[in-house]
Amino acid sequence: VKSEMERISGELATQLNDIRIDVQRHQKPQEQEVEGIKLKTKQGHQRLQEQEVEAINLKKQQLEELVEKQRGLEEEQQRLHSRLEELESRIKVNENQLRDSSLQSHEIEAERSMQISVESKDVTEALKQQQEREQQQRETQQQEWEQKQIESVKSEMER
């Protein structure tokens with residue numbers, strides 16, 4: 001019985017040693033795998049931060065471009081308003097002169113007033129078209145910006 005117990009004890013010790021060796025073999029690759037995952041995670045975070053910085057810079061640039069375009073549109077609108085005020089002033093002057101002039105000069109001045117009125121309508125129409133272009137441009141820029149955001153999110157998700 002004693003020898004049988006020693007034999008069984010020896011076998012168990014051998015098996016236990018084999019199990020320890022197997023556990024060590026499995027632990028080393030797992031530790032290496034964990035280190036690899038940590039490294040990839042760190043690199044992924046760095047890439048995400050770089051992409052965020054690029055996205056912020058792009059958005060900043062787009063915003064600066066929009067501000068510059070808006071300034072140009074506002075200047076154009078102000079110029080058209082000034083022109084309209086000038087034409088309206090000329091119409092009033094011409095109307096006052098018409099009241100004070102004879103029938104013949106009345107007809108001549110009425111024709112001039114009509115020309116100025118046509119010009120005023122043209123300027124008013126140009127101003128209206130300018131405002132429509134501004135609105136269209138804002139909508140287009142908003143759509144482009146939203147599309148870029150969608151593409152940015154898609155590309156980030158693909159990575």
Side-chain angles (χ1 to χ4, degrees), residues 20-159:
R20 284 184 184 146
I21 291 171
D22 284 347
V23 167
Q24 287 177 351
R25 279 190 208 140
H26 287 291
Q27 279 181 339
K28 285 187 180 182
Q30 288 175 350
E31 289 171 359
Q32 290 173 346
E33 187 177 334
V34 167
E35 288 301 317
I37 290 172
K38 285 180 182 178
L39 179 62
K40 288 180 183 176
T41 301
K42 183 179 177 182
Q43 291 170 343
H45 285 303
Q46 288 175 341
R47 275 197 304 271
L48 280 176
Q49 287 175 341
E50 290 170 358
Q51 289 171 353
E52 288 174 358
V53 167
E54 289 175 11
I56 288 169
N57 288 338
L58 178 62
K59 289 175 188 176
K60 180 181 175 185
Q61 180 184 356
Q62 291 171 344
L63 185 58
E64 289 171 352
E65 290 172 1
L66 288 175
V67 167
E68 196 58 40
K69 287 179 183 177
Q70 182 65 28
R71 280 189 194 129
L73 293 173
E74 288 171 355
E75 289 172 3
E76 176 67 15
Q77 187 176 12
Q78 183 61 38
R79 188 185 66 75
L80 289 172
H81 277 296
S82 296
R83 178 74 173 132
L84 180 61
E85 289 172 358
E86 176 189 330
L87 291 172
E88 288 173 344
S89 174
R90 285 176 52 194
I91 288 172
K92 287 180 183 177
V93 168
N94 285 342
E95 287 173 348
N96 288 338
Q97 289 175 351
L98 279 174
R99 282 187 223 113
D100 298 339
S101 62
S102 67
L103 181 60
Q104 182 181 13
S105 71
H106 175 73
E107 292 173 359
I108 294 171
E109 292 298 292
E111 185 176 322
R112 285 184 190 162
S113 180
M114 286 179 58
Q115 288 175 343
I116 292 173
S117 179
V118 167
E119 287 181 20
S120 176
K121 287 178 185 176
D122 291 346
V123 169
T124 302
E125 182 62 29
L127 181 59
K128 181 180 174 184
Q129 289 174 358
Q130 175 69 22
Q131 290 171 339
E132 290 172 358
R133 284 194 303 269
E134 289 176 14
Q135 181 63 31
Q136 257 183 339
Q137 185 176 12
R138 281 192 290 270
E139 291 171 1
T140 300
Q141 290 169 345
Q142 178 66 28
Q143 290 171 355
E144 290 173 355
W145 183 80
E146 289 172 358
Q147 184 61 33
K148 287 179 183 177
Q149 293 304 308
I150 290 170
E151 291 172 6
S152 174
V153 169
K154 283 183 182 177
S155 76
E156 286 181 23
M157 291 177 70
E158 288 174 5
R159 293 178 199 199

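Numbering starts at 1 and runs along the sequence shown. Because only heavy atoms are used, hydrogens play no part in the values below, and waters and symmetry mates are left out as well, while side chains stay in.
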Exercise. Would E68 and E64 count as a side-chain contact (heavy atoms from CB on, under 4.5 Å) if you check the C-alpha gap in whole Å, the side-chain angles of each, and the deciding distance to 0.1 Å?
Worked result: CA-CA 6 Å; E68 196 58 40; E64 289 171 352; over 6 Å; no
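- At a threshold of 4.5 Å between non-hydrogen side-chain atoms, the residues Q70 and R138 count as touching.
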For this session: Give the intermediate values and the outcome of side-chain contact (heavy atoms from CB on, under 4.5 Å) for residues K38 and E35.
Result: CA-CA 5 Å; K38 285 180 182 178; E35 288 301 317; 3.8 Å; yes
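- A donor-acceptor distance shorter than 3.5 angstrom exists from the side chain of T41 to the backbone of I37, with no hydrogens or angles considered.
- With 3.5 Å as the limit, one finds a donor-acceptor pair spanning the side chains of E151 and Q147.
- Atoms CG and CZ, from L84 and R79 in turn, are 12.0 Å apart once rounded to the nearest 0.5 Å.
- Inter-residue side-chain proximity for E144 and Q62 is flagged as unmet; no heavy-atom pair is nearer than 4.5 Å.
- In this structure, the separation between CD1 on I91 and CG on N94 is 8.0 Å, given to the nearest 0.5 Å.
- Donor-acceptor pairing under 3.5 Å is lacking for the side chains of Q143 and E139.
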For this session: Evaluate the criterion side-chain contact (heavy atoms from CB on, under 4.5 Å) for residue pair R83 and E119; output intermediate values, then yes/no.
Result: CA-CA 10 Å; R83 178 74 173 132; E119 287 181 20; 3.5 Å; yes
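- Taken to the nearest 0.5 Å, the CG atom of N96 stands 9.5 Å off from the NZ atom of K92.
- Under the side-chain hydrogen bond (donor to acceptor under 3.5 Å, both in side chains) rule, E146 has a single partner from Q142, Q149, K148, which is Q142.
- Rounding to the nearest 0.5 Å places CZ of R133 at 7.0 Å from CD of E76.
- The shortest non-hydrogen separation linking L127 to Q77 is CD1-CG, 3.7 Å.
- Side-chain atoms of S82 come within 3.5 Å of backbone atoms of Q78 as a donor-acceptor pair (strictly under, hydrogens ignored).
- S117 places no side-chain N or O within 3.5 Å of a backbone atom of S113 that could act as its donor or acceptor partner.
- Side-chain atoms of Q136 and E132 form no donor-acceptor pair, as typed in the model, at a separation below 3.5 Å.
- Taking NE2 of H81 as the reference point, atom CD of Q130 lies at 10.0 Å (rounded to 0.5 Å).
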Exercise. Between V118 and D122, is a side-chain contact (heavy atoms from CB on, under 4.5 Å) present by the stated rule, with each step listed?
Worked result: CA-CA 6 Å; V118 167; D122 291 346; 3.9 Å; yes
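- Distance check, rounded to the nearest 0.5 Å: CD of Q61 to CG of L66 gives 10.5 Å.
- Between the side chains of R112 and Q115, not a single donor N or O lies within less than 3.5 Å of an accepting N or O.
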